[in-house]
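For reference, the structure is listed below as structure tokens.
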Protein chains: 2
Amino acid sequence: MSINSRFAVAVHILALLALENRPLSSKYIAGSVNTNPVVIRRILSLLSKAGFIDTQLGVDGGSTLARSADTITLLEVYNVTEQGQLFALHSNQPNPLCPCGRNIKPTLLTVFKKAEAALEGILAEATIADVVQDIEAQLQSQS
Amino acid sequence: MSINSRFAVAVHILALLALENRPLSSKYIAGSVNTNPVVIRRILSLLSKAGFIDTQLGVDGGSTLARSADTITLLEVYNVTEQGQLFALHSNQPNPLCPCGRNIKPTLLTVFKKAEAALEGILAEATIADVVQDIEAQLQSQS
DNA sequence: AAATCTGTAACAATAATAGTTACATTTTAT
DNA sequence: ATAAAATGTAACTATTATTGTTACAGATTT
């Protein structure tokens, strides 16, 4: 299974807000992401609760970045859009009467936590500003 | 979402095979994992195709390790039980008319691949033998 | 007052997982 | 030979998560 696409879409949204630098409606964003505005609003709601964006109701309303793009790391976005452990352990408790069953979980947890920390380390190194810069570099080479 | 529990169960199975060092039936293994034997057989089938175990039909049959436990890394097991990308991209193609929509995917892919590689690096460092050793150390402290 | 936008509920469609029963086939032990 | 035991896989169910969709109440701006 995969880490769901909410993370990718959330980064897309934040990068778009940084690029356009004006209030964008969920409908407009949905046009860029190519999905339904409600899907966008659900993610905007998460981002808003996390303090990444401000939203404005009414005509010409929409969302804007509440924090500078270079202070928002992909790890923060990841943590907002994903919850729980990356690696699933056994769905049922292994047999406590078995030496292996009794002791496998802590062993696995140690490795899983290390692997997850390594992944998060990379995500912590990149910011929305980096994503924007990358996109702008591609735009340059397209003109 | 999570990486499914097949990975955790597969490591459990291989560690059990290493610990007991004799042919184990799917029924026996299911007793340790605490699940249905068919769930185990499905994973054994993957491990067998990958060359990690040999299986023997008939009375007193079962599975044994085909390779030494210290040569099987958790990364190899991960690759057998998981397939496809860890991070999902947008489910629909973003709008190619939008500068952000047109260019976000390669940018995301770069970061996602780096993060996945970091995770895999940790998994590559640990072997089934390490897991067994860890379990045996816990058993020591329990006696 | 009208237009626009959010936020959320509710529902459908899709997909993956885990568990289960069933059974044909193979192999070993006696 | 025969019975027992084991695999491998098909088929089905239940559960869960995600994504997309319609609908609508409430807030805000012009």
Side-chain angles (χ1 to χ4, degrees), chain A residues 1-10 12-13 17 22-31 33-50 52-64 66 80-94, chain B residues 1-10 12-13 17 22-31 33-50 52-64 66 80-94:
Chain A
M1 235 197 274
S2 284
I3 289 170
N4 64 48
S5 68
R6 274 197 302 270
F7 177 39
V9 174
H12 183 142
I13 292 172
L17 292 178
R22 60 188 176 90
L24 302 181
S25 71
S26 62
K27 188 178 173 189
Y28 178 90
I29 299 171
V33 173
N34 186 22
T35 184
N36 190 289
V38 174
V39 172
I40 300 299
R41 290 210 284 273
R42 281 201 280 248
I43 296 172
L44 286 174
S45 178
L46 293 174
L47 296 175
S48 171
K49 280 169 192 154
F52 297 143
I53 62 171
D54 290 323
T55 63
Q56 187 65 37
L57 289 180
V59 180
D60 282 336
S63 302
T64 47
V80 164
T81 54
E82 291 294 325
Q83 49 208 14
Q85 295 297 306
L86 180 58
F87 292 94
L89 287 174
H90 308 57
S91 43
N92 302 317
Q93 202 61 235
Chain B
M1 232 196 273
S2 284
I3 290 170
N4 64 48
S5 69
R6 274 198 302 269
F7 177 39
V9 174
H12 182 142
I13 292 172
L17 291 178
R22 61 188 175 90
L24 301 182
S25 71
S26 63
K27 188 177 172 189
Y28 179 90
I29 299 171
V33 173
N34 186 22
T35 185
N36 189 289
V38 174
V39 173
I40 299 299
R41 292 211 282 273
R42 281 201 279 248
I43 297 172
L44 286 174
S45 178
L46 293 173
L47 296 174
S48 170
K49 279 168 192 154
F52 296 145
I53 61 171
D54 291 323
T55 62
Q56 187 66 38
L57 288 180
V59 180
D60 282 336
S63 302
T64 48
V80 164
T81 54
E82 291 294 324
Q83 47 207 17
Q85 295 298 306
L86 181 58
F87 293 93
L89 289 174
H90 308 55
S91 43
N92 302 317
Q93 202 61 236

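Lettering follows sequence order; numbering is per chain, from 1. FYI, side chains are in, hydrogens and waters are out, and symmetry mates aren't considered; it's all heavy atoms of this structure.
- When the side-chain nitrogen and oxygen atoms of B:Gln56 are compared with OP1 and OP2 of D:dT7, none of them lie within a distance under 4.0 Å.
- In this entry the distance linking CD of B:Gln85 with P of C:dA16 reads 15 Å, nearest Å.
- We find that CG of A:Leu24 is positioned 15 Å from C1' of C:dT4, with the value rounded to whole Å.
- Of the candidates C:dC5, C:dA18, D:dT29, D:dT29 carries the atom nearest the A:Val59 side chain, counting heavy atoms from C-beta on.
- Relative to the side chain of A:Lys49, the nucleotides C:dT8, D:dA6, C:dT6 differ in distance, and C:dT8 lies closest.
- A:Asn34 and B:Gln93 are not linked by any side-chain donor-acceptor pair at a separation below 3.5 angstrom, with hydrogens and angles left out of the test.
- At the phosphate of C:dG19, OP1 or OP2 sits under 4.0 Å from a side-chain N or O atom of B:Thr35.
- Where A:Asn34 and B:Ser63 meet DNA chain D, the nucleotide closest to each residue was compared, and B:Ser63 sits on the side nearer the 5' end.
- The distance between atom CG of A:Asn36 and atom P of C:dG7, rounded to the nearest whole Å, is 15 Å.
- Here C:dT21 is the nucleotide among C:dA18, C:dA10, C:dT21 with the atom lying nearest to any side-chain atom of B:Val38.
- Phosphate proximity of D:dT7 to B:Ser45: absent, as no side-chain N or O sits under 4.0 Å from OP1 or OP2.
- Here the side chain of A:Arg42 is nearest to one of D:dG20, C:dT8, D:dG26, namely D:dG20.
- Look at A:Thr55 and you won't find any side-chain N or O under 4.0 angstrom from OP1 or OP2 of C:dC5.
- For the pair A:Phe7 CZ and D:dT18 P, the computed distance is 15 Å after rounding to whole Å.
- Smallest separation of non-hydrogen atoms from A:Val80 and A:Phe52: CG2-CE1, 3.6 Å.
- Checking B:Val38, B:Val33, B:Ile13 one by one against B:Ile43, the side-chain contact (heavy atoms from CB on, under 4.5 Å) holds for a single residue, B:Ile13.
- Applying the 3.5 Å distance criterion, the base of D:dT21 shares no donor-acceptor pair with the side chain of A:Arg41.
- When atom types are taken as modelled, the side chain of A:Ser5 and the backbone of A:Ala8 share no donor-acceptor pair closer than 3.5 angstrom.
- In this structure, B:Leu57 places its CG atom 16 Å from P of C:dA24, rounding to the nearest Å.
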After noting the C-alpha distance and the side-chain angles of A:Ser63 and A:Thr55, does the key distance pass the side chain to side chain contact (heavy atoms under 4.5 Å, CB included) rule? CA-CA 4 Å; A:Ser63 302; A:Thr55 63; 3.2 Å; yes

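- Spacing between atom CG of B:Leu47 and atom C1' of D:dT7 amounts to 14 Å, rounded to whole angstrom units.
- As rounded to whole Å, 11 Å separates atom P of D:dT19 from atom CD1 of A:Ile40.
- The phosphate of C:dT17 has neither OP1 nor OP2 within less than 4.0 Å of any side-chain N or O from A:Ser91.
- Nearest-nucleotide positions on DNA chain D for B:Gly62 and B:Asn92 put B:Gly62 closer to the 5' end.
- Residue B:Ser26 is in sugar-phosphate contact alone, with no base atom involved, counting any heavy-atom pair closer than 4.0 Å across all strands shown.
- Side-chain contact between A:Val9 and A:Ile40 is present, with heavy atoms from C-beta onward closer than 4.5 Å.
- Close to C:dT17, at under 4.0 Å from its OP1 or OP2, lies a side-chain N or O of B:Arg6.
- To the nearest angstrom, P of C:dG19 lies 11 Å from CG of B:Asn4.
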